[in-house]
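A short worksheet on the structure shown next.
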Amino acid sequence: MNKEYEVFCQRLKTRQDELERRVANITRDVTRKASADWSEQAQERENDEVLDALGNEAVAELRLIQKALERIEEGDYGICTGCGGDIPMARLEIMPYTDLCVKCAENQE
């Protein structure tokens with residue numbers, strides 16, 4: 001592993017742990033027993049929809065993190081998958097799981 005990427009690897013793993021805990025908490029909250037009160041059930045369903053959305057975002061970020069960790073292991077981290085150029089360190093600082101340089105990311109939008 002490239003020494004300069006060890007910091008990114010640690011940051012990614014820390015974020016991965018945080019997201020895994022969040023997903024576990026969301027799963028626990030969503031699978032709790034429903035209230036007997038109809039009005040409370042309606043509120044619980046609304047809350048569950050918000051929790052589902054948060055959980056889906058966390059799972060999507062976990063996938064990106066896992067791919068970034070794989071790129072670090074394979075020695076491909078910091079290389080744009082779009083053009084093959086280097087991803088600037090400043091971009092990796094902001095988005096350590098990115099696999100695109102700024103130019104390629106702008107072209108995808």
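Here the side chains of Y77 and P96 are in contact, with some heavy-atom distance below 4.5 Å.
Rounding to the nearest 0.5 Å places CG of D76 at 10.5 Å from CD of E70. Atom CZ of R71 and atom CD of Q66 lie 10.5 Å apart (nearest 0.5 Å). D86 contributes atom CG, which lies 9.5 Å from atom SG of C80 (distance to the nearest 0.5 angstrom).
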TODO: Go through the steps for E106 and K103 under the test salt bridge (Lys or Arg N to Asp or Glu O under 4.0 Å), then give the verdict.
DONE: CA-CA 5 Å; E106 288 175 347; K103 186 176 180 181; over 6 Å; no
TODO: Go through the steps to decide whether K13 and E20 satisfy the test salt bridge (Lys or Arg N to Asp or Glu O under 4.0 Å), and finish with yes or no.
DONE: CA-CA 10 Å; K13 287 180 178 180; E20 287 172 348; over 6 Å; no
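Side-chain contact of N25 with R22: a donor-acceptor pair under 3.5 Å is absent, judged by distance alone.
Under the side chain to side chain donor-acceptor pair (under 3.5 Å) criterion, R63 pairs with no residue, sequence neighbours left out.
Cluster annotation: F8 is connected to M95 through the hydrophobic network of ILVMFWY side chains, with a link wherever side-chain heavy atoms come within less than 4.5 Å. Clustering ILVMFWY residues whenever any of their side-chain heavy atoms sit less than 4.5 angstrom apart, transitively, puts V7 in a cluster other than the one holding I87. Under a hydrophobic-cluster definition in which Ile, Leu, Val, Met, Phe, Trp and Tyr are linked whenever side-chain heavy atoms come within less than 4.5 Å, directly or via other members, L12 and L19 are assigned to the same cluster. Note: the hydrophobic cluster containing I79 does not contain L69 (ILVMFWY, side chain heavy atoms under 4.5 Å, direct or indirect links).
In this structure, E74 does not pair ionically with K67, as no charged nitrogen and carboxylate oxygen lie closer than 4.0 Å.
Here the closest non-hydrogen pair linking R91 and T98 is NH2-OG1, 3.3 Å.
For the side chain to side chain donor-acceptor pair (under 3.5 Å) with R11, the lone residue among Q16, E6, E93 that qualifies is E93.
Using modelled atom types, no side-chain atom of Y97 and backbone atom of L62 make a donor-acceptor pair closer than 3.5 Å.
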